[in-house]
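What follows is a single structure, written as structure tokens, with notes after it.
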Amino acid sequence: MNIQRPRGTNDILPEETGKWQFVEAKIRELCRRYGYQEIRTPVFEHTELFVRGIGEATDIVEKEMYAFTDRSGRSLALRPEGTAGVVRAFVEHRLDARSLPVKLYYLGPMFRYEKPQAGRYRQFAQFGVEAIGSIDPFLDVEMIMLPIELYRACGLDGFQVQVNSIGCPKCRVQYREALLKHLGANVDQFCPNCRRRIERNPLRVLDCKEEKCRALVGQVPLITDYLCLECADHFQQVKEYLDQLGIDYVLNPQLVRGLDYYTKTVFEITVPTLGAQNAIGAGGRYDGLVEEVGGKPLPAVGYAVGLERLLLALDQQAGRYYEEPRPDAYVAHFGGVTKAKAVEIVTDLRRRGLWVEMDYLGRSLKAQMKSADKLGCRSAVIIGESELERQIVKVRHMATGDEQDVKLDQIAAYLTADREEHGA
RNA sequence: GUGGGUAUAGCUCAGCAGGUUAGAGCGCCAGGUUGUGGCCCUGGAGGUCGCCGGUUCGAUCCCGGCUACUCACCCCA
């Protein structure tokens, strides 16, 4: 019986890891500049944390959690998103005692029990950022800028930023009422899904993709018309900063998020060419979550980027977006004493910081040269008996075919100079 | 959870209106040069034709079920 990887998971093979490392490097560099520090939290938490944090009635909690009971009967769950765990750690370790806001980022696997499709997997990687302890609208804007800068740094184009404010619990009471009044009038004209939503979470109706519902929703009151003074003012400032900084965005008063903890600013970044799963980043403010998880009432903002989707979008936009490093040299030998010498040379060169390959299968020189070519080695170092007698090696520059005799003790210097000259 | 598509070599895919030895290109290995890659030529290795069952003298091919992959819906990064 042959065992395959679990549904919705992916093996990232050596030829793929280069681009992951490329994106990860961009992320770490960006976070350094913006002053966000890495935090690593467990991939599983008490189920309760997600239920309370993300919201009981959300799809994520209702039907997508990898929840299980451990041997002692505790209910645990693989994290479906990153924010809840980070906030839990923030509260648990009293990070509120530090100077605020605390700015954190994370990078790692998340798990949701969903049916896989393009850009959606059961284990997927997210990069996310959280700033806890400030209500400054500029932080909201920072949260929108960070992913934009990240995409730019990676070479991504053609993404769209949508922004909205969904207010605070205070203004939502009024809005909910107005919305229900409006929807109630023609409740039976909505799709079955939305009829259910109207009862449980009317905001979600705005998000429905059914044409019938969209038409009905068109005339619905907008949340942005019901914001309380504080929320309206906050949103206004967010927009002003965005304009001031020349950030391209569109207002989408119907943008809602699938997690219950969001308040005020929410945003989503999409790549239209990606297909059904076109959101590559999303986030917003969550002013109530820290308290919900047991900490002091502290405001916070965050966002998350799906790395598989970002990579998908990058792959789509033709052209190589990252440089694959190549070996400096391939040391070819003929077995016997020449192999003994080759082993020595290889070890010495590696100790001097060069990336060096050699033959481990006792193959012909021709086959070794072929390998050198395949591996993209800059040079081939050939060591045969006649060379050994003269205390030299032949160094062949693979791109040009030029060959040069180099003294045994000069090889490292020669190769290093060659690398400087022809670039890494 | 719902609906559609697909499943043949490591990869991309042909194929057979059901007939006995299942093919190509690429990749891999070797030879064409007792010690030299890329181009070319020759040869080789590599397949339970996804799994189980049915129809049939006979199934990789037709039918059913299962599984996986895939796309879309729901939802989401």
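Owing to the predicted nature of the structure, the values given are computational and were not obtained by experimental measurement. Below, chains carry the letters A, B, ... as their sequence lines are ordered, and counting in each starts from 1.
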Determine, for nucleotides 4-10 of chain B in 5'-to-3' order, which nucleotides have protein heavy atoms under 4.0 Å from the base (write B), from only the sugar-phosphate (write S), or from neither (write -).
-------

Let's test your reading of the pairing rules: Watson-Crick or G-U wobble, both distances under 3.5 Å, then write RNA chain B as a dot-bracket string with ( ), [ ], | and dots.
(((((((..((((.....[...)))).(((((.......))))).....(((((..]....))))))))))))....

How would you label the contact of A/E64 with the nucleic acid (heavy atoms, under 4.0 Å): base, sugar-phosphate, or nothing?
sugar-phosphate

Mind checking A/R363 for me? I need base, sugar-phosphate or nothing, with any heavy atom below 4.0 Å counting as a touch.
sugar-phosphate

Just checking A/Y121: base, sugar-phosphate only, or nothing, at a heavy-atom cut-off of under 4.0 Å?
base

Between B/U70, B/U36, B/C74, which nucleotide has the shortest distance from any of its atoms to the side chain of A/R7?
B/U70

Do the side chain of A/R112 and the base of B/A77 come within less than 3.5 angstrom through a donor-acceptor pair of N or O atoms?
yes

Would you mind telling me which of B/G35, B/C74, B/A72 lies closest to the side-chain atoms of A/L365?
B/G35

With sugar-phosphate meaning primed atoms plus P, OP1 and OP2, does A/K374 contact a base, only sugar-phosphate, or nothing at under 4.0 Å between heavy atoms?
sugar-phosphate

Which value, in whole Å, describes the distance between the C1' atoms of nucleotides B/C11 and B/G3?
30 Å

Think A/Q4 has a side-chain N or O under 4.0 angstrom from the OP1 or OP2 of B/A68?
no

Note, A/L76 side chain near A/H46 side chain (heavy atom, < 4.5 Å)
yes

Quick one: label A/G401 by what it contacts on the DNA or RNA (base, sugar-phosphate, nothing), any heavy atom closer than 4.0 Å.
base

Under 6.0 Å between ring centres, would you say that holds for A/Y226 and A/Y175?
yes

Reckon A/A372 touches a base, only the sugar-phosphate, or nothing at all at heavy-atom distances under 4.0 Å?
nothing

Between A/V129, A/V305, A/L307, A/L310, which is the residue that forms a side-chain contact (heavy atoms from CB on, under 4.5 Å) with A/I27?
A/L307

What's A/E403 touching, base or sugar-phosphate or nothing? Going by heavy atoms closer than 4.0 Å.
base

Within the structure shown, what part of the strands sits under 4.0 Å from A/S386 by heavy-atom distance: base, sugar-phosphate, or nothing?
base

Across the strands shown, which category fits A/A399 at heavy-atom distances under 4.0 angstrom: base, sugar-phosphate, nothing?
base

Would A/F334 count as stacked on B/G35 if the rule is ring centres under 5.5 Å and plane angle under 30°?
no

By ring-ring contact (aromatic ring centres under 6.0 Å, His included), which residues pair with A/Y151, not counting sequence neighbours?
A/F159

Which part of the nucleic acid, if any, lies within contact of A/K366, taking any heavy atom under 4.0 Å across all strands shown: a base, the sugar-phosphate backbone alone, or nothing?
base

